[in-house]
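Encoded as structure tokens, the structure appears first; notes follow it.
To find a chain, count down the sequence lines: A is the first, B the second, and so on, and within it residues start at 1. Please read all numbers here as calculations on a predicted model, not as lab measurements.
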Protein chains: 2
Amino acid sequence: MATIRELARLCGVSPATVSRVFNNPGVVNAKTREQVLRMARQIGYLPNQSARTLATKKSFMVGLVWDTDHRRPGWRHPFFQEILIGLKTALSGRGYHLLMLATSGEKSHDAYVRAVRRHNLDGVVMIDSGTWDPSLRRLAESGVPCVGLDRPVRGPRATYVTSDNVGGARLAVRHLHERGRRAIATITGPAHTRPGAERLRGYREELSRLGLPQRPEFVVEGDFYLSGGHAAMRRLLAADDRPDAVFVAGDEMAVGALHAIAEAGLKVPEDIALVGFDDIEVAALMSPGLTTIAQDKAGFGTAAAEAVVAMINGADAPPPRILPTRLVVRGSSSPSL
Amino acid sequence: MATIRELARLCGVSPATVSRVFNNPGVVNAKTREQVLRMARQIGYLPNQSARTLATKKSFMVGLVWDTDHRRPGWRHPFFQEILIGLKTALSGRGYHLLMLATSGEKSHDAYVRAVRRHNLDGVVMIDSGTWDPSLRRLAESGVPCVGLDRPVRGPRATYVTSDNVGGARLAVRHLHERGRRAIATITGPAHTRPGAERLRGYREELSRLGLPQRPEFVVEGDFYLSGGHAAMRRLLAADDRPDAVFVAGDEMAVGALHAIAEAGLKVPEDIALVGFDDIEVAALMSPGLTTIAQDKAGFGTAAAEAVVAMINGADAPPPRILPTRLVVRGSSSPSL
DNA sequence: CATCACGCTGTAACCGGTTTCATGTAACCG
DNA sequence: CGGTTACATGAAACCGGTTACAGCGTGATG
């Protein structure tokens with residue numbers, strides 16, 4: 001492995017000059033610079049990142065906190081993969097790498113903080129269950145630039161990225177109303193999760209705006225999973241007065257709901273129209289296709305990368321970024337015949 | 001930030017001793033060791049990984065090469081997320097972290113090699129399209145311990161992990177045969193991909209074993225995607241003599257096939273039974289549920305971690321690891337009425 | 001001509017660990 | 001009791017970069 005001193009010797013200059021060629025090209029004489037670059041290519045010189053980090057305290061690495069505890073829901077965020085692609089791409093475009101943080105089972109409250117310190121991470125992105133794990137709170141409060149994905153994060157240099165859940169839910173309800181539905185129920189996410197609460201709020205707001213009554217029996221709490229959607233739908237169907245449309249606050253629950261409706265011998269969209277939320281891959285694969293509120297998947301990653309890099313470069317924590325959502329119409333909300 | 005010299009001073013020992021406490025606890029006197037550990041905890045001392053790496057050339061980081069070029073299929077491996085969880089967990093249990101490698105758009109043939117060198121990565125895991133990208137070939141040949149996921153990798157210290165595609169395909173065909181089907185077609189993956197070729201081979205082998213004829217018109221090539229499955233199924237249905245069962249070499253294609261069958265006014269499983277491959281999440285969500293060949297998702301990650309760590313610790317490249325597959329029976333292959 | 005500014009470069013200390021080698025001490029053995 | 005050995009530790013070099021500071025040559029300025 002070629003070192004900076006070797007390269008310097010070959011070029012007849014000092015290591016400092018070589019270093020400057022790479023970090024501060026402006027200050028070094030054009031001729032010298034060219035020569036150093038040429039020689040560097042020739043002998044395959046590569047600056048050693050560890051040495052650099054040791055000297056500068058900048059690692060050009062961002063940690064990804066991704067809580068894969070199977071008891072919690074977060075580990076399978078509906079479009080984790082797309083977020084990850086966006087994040088990786090956006091970070092690498094800015095010269096940063098992504099380190100998957102792991103606590104090696106260590107259950108200390110500052111396991112993450114320690115990992116971040118140990119590796120001199122420049123910033124952190126968190127995507128997880130949204131439960132306020134103390135070790136995550138510590139992390140956000142520790143002062144590293146910190147961006148939460150789909151979960152609020154508070155700390156001296158922390159911000160977050162989320163979708164416009166309220167607006168999306170309103171879009172969904174408005175759409176069902178435009179399709180002529182008036183008895184619009186909702187299956188919500190868990191009340192303690194932020195997306196769950198916000199989507200419910202949007203549903204309520206839009207009902208008010210449309211002058212439709214708020215009917216408590218039309219609000220059933222689900223769990224964002226298939227089985228929860230199934231169970232919730234069965235409860236809705238069991239009531240005397242069943243809805244003619246349901247806004248389901250998550251696509252996976254919507255699939256469960258779809259099955260429950262079919263089991264009850266009813267048809268979508270003829271008897272009950274359905275609108276989901278997320279636009280996961282399955283949504284397009286169902287029959288009928290699932291009308292849903294799409295989130296800007298790649299946008300999550302990009303926005304997170306932007307925010308964390310900005311903070312790394314000394315900016316104050318930017319305000320939370322709310323990504324727009326949009327309605328994707330498919331068969332499950334087609335005009336009934 | 002507390003350094004090793006500070007800690008040493010506080011304990012009245014030399015930095016060397018402190019270092020030994022952490023790396024070679026056996027050689028240092030029990031009393032001294034305890035004292036150092038206690039003091040370390042008290043002042044929150046954390047060894048700096050960059051300094052360590054600089055001195056030892058071991059980073060305890062493994063790179064993940066994940067080609068997200070959208071023109072290639074690899075970036076959305078059917079169960080990327082599960083593999084990633086398995087990998088992360090298994091690595092972290094062995095004291096390694098996972099660094100998502102990115103080439104920052106650099107199109108050099110040894111972009112990956114350079115990234116690995118620069119960061120002193122101890123090993124690499126690759127999951128991608130399976131196309132022989134020259135920069136990946138270089139990487140495998142560069143001598144870093146290297147494990148391919150669902151793709152063969154050759155190099156001085158390289159091996160790979162894959163599923164028993166042949167065996168799985170045979171299971172599928174045998175199952176359809178047991179259900180009384182005799183006109184068993186297949187929709188394959190692209191012939192140039194390894195899983196595609198192997199699953200086709202399994203299909204052929206099992207037909208032979210069962211004494212069923214090989215009918216060229218019953219073999220249609222797909223692309224592992226929804227649309228390819230749909231198109232392939234239409235071709236099968238258009239023939240004079242249509243099959244009563246299809247082994248589809250990927251679940252996503254199977255979903256496409258299912259739609260094509262429905263569009264043709266036929267029923268699954270009554271008219272045509274279907275068996276997929278992969279056991280992706282959708283498989284259980286369809287109606288009818290998709291009978292499929294399940295792969296050991298978490299096993300991929302674990303096996304890859306084991307292999308790469310073994311090689312890092314000096315072992316020779318272990319032979320390729322073939323993970324067992326198993327049949328998951330659902331509605332799409334129920335006995336026809 | 002002395003002075004100064006400017007542009008470029010080198011020297012050397014430093015980042016925070018690890019590791020070789022030497023050394024001191026205590027135990028052990030014939 | 002002298003010599004060997006094992007054990008525990010410290011001094012110092014080293015890993016490969018960065019950077020504060022000093023120095024040098026050149027041309028401009030008073």
Side-chain angles (χ1 to χ4, degrees), chain A residues 1-40 43-61 95 97 114-122, chain B residues 1-37 39-40 43-61 95 97 114-122 312:
Chain A
M1 271 289 76
T3 76
I4 202 175
R5 289 177 227 269
E6 249 174 74
L7 178 54
R9 192 176 44 73
L10 289 173
C11 296
V13 300
S14 79
T17 298
V18 175
S19 176
R20 285 188 275 253
V21 167
F22 291 104
N23 300 308
N24 214 351
V27 310
V28 41
N29 178 286
K31 208 129 179 190
T32 326
R33 187 188 337 130
E34 294 312 324
Q35 190 212 350
V36 168
L37 287 175
R38 198 170 337 109
M39 184 60 80
I43 69 171
Y45 168 74
L46 281 178
N48 180 315
Q49 185 56 49
S50 304
R52 249 182 175 166
T53 299
L54 179 56
T56 61
K57 269 122 193 58
K58 287 213 50 169
S59 62
F60 287 94
M61 288 196 291
H97 287 257
R114 292 161 62 88
V116 166
R117 287 250 169 79
R118 218 202 291 280
H119 290 88
N120 296 293
L121 298 187
D122 298 332
Chain B
M1 269 293 75
T3 76
I4 202 172
R5 287 175 228 270
E6 250 175 74
L7 178 53
R9 192 174 44 73
L10 288 174
C11 296
V13 301
S14 77
T17 298
V18 175
S19 176
R20 285 187 274 252
V21 166
F22 291 104
N23 301 307
N24 214 350
V27 310
V28 43
N29 178 284
K31 209 131 179 186
T32 325
R33 191 197 323 137
E34 294 311 325
Q35 190 212 352
V36 169
L37 288 175
M39 183 61 79
I43 69 171
Y45 168 74
L46 281 177
N48 179 314
Q49 185 57 47
S50 303
R52 249 183 176 166
T53 300
L54 179 57
T56 59
K57 271 125 192 57
K58 284 213 54 171
S59 62
F60 287 95
M61 288 197 290
H97 287 256
R114 293 162 62 87
V116 166
R117 287 248 169 80
R118 220 200 288 283
H119 290 88
N120 296 292
L121 298 187
D122 298 331
I312 290 172

Name the nucleic acid region contacted by B/Val18, choosing base, sugar-phosphate or nothing; use a 4.0 angstrom heavy-atom cut-off, strictly under. nothing
Say you draw a straight line from NE2 of B/His97 to CZ of A/Arg118; how long is it, rounded to the nearest 0.5 Å? 7.0 Å
Rounded to the nearest 0.5 Å, how far does CZ of B/Phe22 lie from CG of B/Leu7? 6.0 Å
Ignoring backbone atoms, test whether B/Thr32 places a side-chain nitrogen or oxygen under 4.0 Å from the OP1 or OP2 oxygen of D/dT9. yes
Length of the line joining A/Asn29:CG and C/dG10:P, which is rounded to integer Å: 11 Å
With both distances kept under 3.5 Å, what pairs with C/dT23, Watson-Crick or G-U wobble? D/dA8
Across all strands, who's sitting opposite C/dG30 as a Watson-Crick or G-U wobble pair, both distances under 3.5 Å? D/dC1
Rounding to an integer number of Å, can you tell me how far B/Ile4 CD1 sits from D/dC15 P? 18 Å
Give a yes or no on whether a donor-acceptor pair under 3.5 Å exists between the nucleobase atoms of D/dG17, that is its base, and the side chain of A/Arg5. yes
Answer yes or no: does a side-chain N or O of A/Lys57 lie under 4.0 Å from OP1 or OP2 of C/dG16? yes
Would you tell me if any nitrogen or oxygen in the side chain of B/Lys31 comes within less than 4.0 Å of OP1 or OP2 on D/dA8? no
Can you tell me how far C1' of C/dG16 sits from CZ of A/Arg52, to the nearest Å? 18 Å
Specify the closest pair of heavy atoms between B/Thr53 and B/Lys58, including all atoms of both residues, with the distance to one decimal. OG1-O, 3.3 Å
Heavy atoms under 4.0 Å, any strand shown: does A/Leu46 hit a base, just sugar-phosphate, or nothing? sugar-phosphate
CZ-CG distance between B/Arg114 and A/Leu46, expressed to the nearest 0.5 angstrom: 5.0 Å
Tell me the interatomic distance from B/Asn48, atom CG, to C/dT18, atom P, rounded to whole angstroms. 10 Å
Any A/Ser14 side-chain N or O less than 4.0 Å from OP1/OP2 of C/dG10: yes
With respect to the phosphate group of D/dT18, does any side-chain polar atom (N or O) of A/Asn23 fall under 4.0 Å of OP1 or OP2? yes
Closest listed nucleotide, where the reference is the side chain of B/Thr56 and the choices are D/dT18, C/dT18, C/dT9: C/dT18
Quick one: A/Phe60 CZ to D/dG17 C1', roughly how many Å, whole number? 14 Å
So if I take every side-chain heavy atom of B/Ala55 and compare against C/dG10, C/dT18, D/dG16, which nucleotide ends up nearest? C/dT18
Have a look at B/Tyr45 and say if it touches a base, only the backbone sugar-phosphate, or nothing, with a 4.0 Å heavy-atom cut-off. sugar-phosphate
Just how far, in rounded Å, is C1' of D/dA8 from CZ of B/Arg33? 12 Å
With no hydrogens and no angle check, is any side-chain donor or acceptor of A/Asn24 less than 3.5 Å from a backbone partner on A/Val27? no
A/Ser19 vs B/Arg20, nearer the 5' end of DNA chain D by closest nucleotide: B/Arg20
